[in-house]
Amino acid sequence: MLERVLVRCATSYVSRMVPEVVFVLGAPGAGKGTQCAYISREFGFEHLSAGDLLREERQRPGSEYGEMIEAKIREGQIVPVEVTCSLLHRAMMRSGKNRFLIDGFPRNQDNLEGWTRAMSDKTKLLFVLFFECSQELCVDRCLERGAAGSGRSDDNLDSLRKRFDTYLKDTMPIIDHYQGCVRPLSLFYSDASADRVEEKSLVPRSLAHSAQTERDESCFFERATGVHLFIRGYHIKKT
Ligand SMILES: Nc1ncnc2c1ncn2[C@@H]1O[C@H](COP(=O)(O)OP(=O)(O)OP(=O)(O)O)[C@@H](O)[C@H]1O
Ligand SMILES: Nc1ccn([C@H]2C[C@H](O)[C@@H](COP(=O)(O)O)O2)c(=O)n1
């Protein structure tokens, strides 16, 4: 009896130690980064943006990948997974946290296979969030972001056309993959307005709790009630 209790405690301890990850997908400009900021603040996730890590690596003096990363980003193409995955892994190790929102990954089949090879045994995928937004609005947002001084070499019409081609050709099949497998994928519309993200549920409604109790707590809840309710359904508490 005691042995069984000890085994159960040890198993539960070990499973708590395995880093938990949530993948966040959506078109360029769909609002992934914006929503991740709210979610990480509210639920204690560490937000890791694959695009930001690649941009940092591009800037790092002496990086052997700098030029390749810049060329891929400008052309709207996807950097080989070995580079992206090792940046993500290093950032996870450095953070000292145990729960991660991985924004903009996996973006294509190479990303998915590389992560599965290198990381799936070391991490637990909790769920996948997908933010849907019309292409027109996404492009407008990225152009505005560029005009406001983002400094990004891909916030221009030429790069955006290429990024959308890549998104439709390479990323949409990954979203289809998650819709078709057992891991729940939740879909959110992020084009309604700046202050509302509506959920189009691909997960059982029972995951959602009463919306009313959440509404008056903070602007996060108003902005992303659907996402918030979905995550609450996993009983995730701020760490
Ligand atoms: N719901 C919204 N309404 C209006 N503007 C928004 C909304 N969400 C995000 N934005 C703005 O749109 C721009 C793109 O948002 P964000 O950077 O979060 O998108 P993203 O999906 O992470 O983009 P990328 O993939 O290009 O990094 C930002 O300038 C952000 O302030
Ligand atoms: N998994 C990823 C994520 C990003 N990139 C490159 C190519 C993207 O166009 C660019 C910008 O990413 P964003 O900030 O829009 O998420 O970064 C990649 O190659 N692989």
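As the structure lists them, so they are numbered: ligands from 1, and atoms in each ligand from 1. In this text the structure is predicted, and so the values were computed from the model without any measurement. Counting from 1, the numbers follow the sequence of the chain as shown. Computation of the quantities below employed the complete heavy-atom set of this structure, encompassing side-chain atoms and omitting hydrogens, waters and symmetry-equivalent molecules.
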- Heteroatom proximity flag, K32 to ligand 2, N/O under 3.5 Å: no
- Task: Pull out every atom of ligand 2 sitting under 4.0 Å from any heavy atom of F105, numbered as shown with elements.
- Result: 1 (N)
- W115 and F23 aromatic ring geometry - parallel, tilted or perpendicular at 30°/60° bounds: perpendicular
- Thinking salt bridges, do D52 and R152 make one under a 4.0 Å N-O criterion? no
- Item | Those atoms of ligand 2 less than 4.0 Å from some heavy atom in R152 | 11 (C), 13 (P), 14 (O), 15 (O)
- Task: Check whether any N or O atom of P28, backbone or side chain, sits under 3.5 Å from an N or O atom of ligand 1, and answer yes or no.
- Result: no
- Query: Do R58 side-chain atoms and G66 backbone N/O form a donor-acceptor pair below 3.5 Å?
  - Reply: no
- Query: Numbering the atoms of ligand 2 from 1, which are under 4.0 Å from a heavy atom of I73?
  - Reply: 6 (C), 10 (C), 17 (O)
- Item | Identity and separation of the nearest protein heavy atom to atom 19 (O) of ligand 2 | V79 N, 2.7 Å
- Query: Does S63 use its side chain to pair, donor to acceptor, with the backbone of Q59 at less than 3.5 Å?
  - Reply: no
- ligand 1 atoms in contact with T34 (distance to a heavy atom under 4.0 Å): 8 (N), 9 (C), 15 (O), 16 (P), 18 (O), 30 (C)
- Which ligand 2 atoms are under 4.0 Å away from a heavy-atom of R163? 9 (O), 15 (O)
- Task: Go through the side-chain N and O atoms of E46 and S95 and say whether any donor and acceptor fall under 3.5 Å apart.
- Result: no
- Message: Out of all atoms in ligand 2, which are within 4.0 Å of some heavy atom of Q77? Include the element for each.
- Response: 7 (C), 19 (O)
- Message: Donor-acceptor check, side chain of K32 to backbone of A27, threshold 3.5 angstrom: yes or no?
- Response: yes
- Message: If we set the cut-off at 4.0 Å for heavy atoms, which region of S49 has an atom near ligand 1: side chain, backbone, both, or neither?
- Response: neither
- Separation between CD of E20 and NZ of K97, rounded to the nearest 0.5 Å: 13.5 Å
- Task: Could you list the atoms of ligand 1 found under 4.0 angstrom from a heavy atom of A27?
- Result: 21 (O)
- Query: Which protein non-hydrogen atom lies closest to atom 2 (C) of ligand 2, naming both residue and atom, and how far is it?
  - Reply: G104 O, 3.5 Å
- Do any nitrogen or oxygen atoms of C142 lie less than 3.5 angstrom from nitrogen or oxygen atoms of ligand 1? no
- Query: For atom 14 (O) of ligand 2, what's the nearest protein heavy atom and its distance?
  - Reply: R55 NH2, 2.9 Å
- Query: Counting heavy atoms only, which of R163, R141, R145 is nearest atom 2 (C) of ligand 1?
  - Reply: R141
- For atom 18 (C) of ligand 2, which protein heavy atom lies nearest, and how many Å away is it? L54 CD1, 3.3 Å
- Within-shell test, R152 vs ligand 1, heavy atom, strictly < 4.0 Å: yes
- Query: Could an N or O of ligand 2 be found under 3.5 Å from any N or O of A50, whether backbone or side chain?
  - Reply: no
- Record the part of E75 in heavy-atom contact with ligand 2 below 4.0 Å; permitted values are side chain, backbone, both and neither. neither
- Note the single closest protein heavy atom to atom 8 (C) of ligand 2, along with its residue, its atom name and the distance in Å. R107 NH2, 3.6 Å
- Message: Taking A37's backbone N and O only, do any of them form a donor-acceptor pair with S40's side chain (distance below 3.5 Å, no angle check)?
- Response: yes
- Under 3.5 Å donor-acceptor, S153 side chain and R74 backbone: no
- Task: Please confirm whether the backbone N or O of D154 pairs with a side-chain atom of R163, one donor and one acceptor, at under 3.5 Å?
- Result: yes
- Task: Could you check R60 against E57 for salt bridge (Lys or Arg N to Asp or Glu O under 4.0 Å), going step by step and ending with a plain yes or no?
- Result: CA-CA 5 Å; R60 190 173 64 80; E57 176 64 21; 2.9 Å; yes
- Message: Quick test of your reading of the model: are D165 and R161 salt-bridged, counting only N-O distances below 4.0 Å?
- Response: no
- Query: Is the shortest distance from a heavy atom of G29 to ligand 1 less than 4.0 Å?
  - Reply: yes
- Tell me whether L129 is reachable from L126 by hopping between hydrophobic residues (I, L, V, M, F, W, Y) whose side-chain heavy atoms are closer than 4.5 Å. yes
- Task: Give the residue and atom name of whichever protein heavy atom lies nearest to atom 20 (N) of ligand 2, and the separation in Å to one decimal.
- Result: I78 CG2, 3.6 Å
- Under the 3.5 angstrom rule, does the side chain of R141 hit a backbone N or O of A30 as a donor-acceptor pair? yes
- Grab the two heavy atoms, one from L25 and one from P106, that are nearest each other, plus how far apart they are. CD2-O, 3.4 Å
- Using heavy atoms and a threshold below 4.0 Å, how should the contact between T166 and ligand 2 be classified: side chain, backbone, both, or neither? neither
- Query: Going by heavy atoms, is G51 under 4.0 Å from ligand 1?
  - Reply: no
- Query: So is K72 in contact with ligand 2, going by heavy-atom distances below 4.0 Å?
  - Reply: no
- A student checking ligand 1 against G33 at a 4.0 Å heavy-atom cut-off should list atoms 18 (O), 20 (P), 22 (O)
- Message: So, taking the atom named NE2 in H177 and the one named CG in L112, what distance separates them when rounded to the nearest 0.5 Å?
- Response: 4.5 Å
- Message: Check this for me - ligand 1, D103, N or O atoms closer than 3.5 angstrom, yes or no?
- Response: no
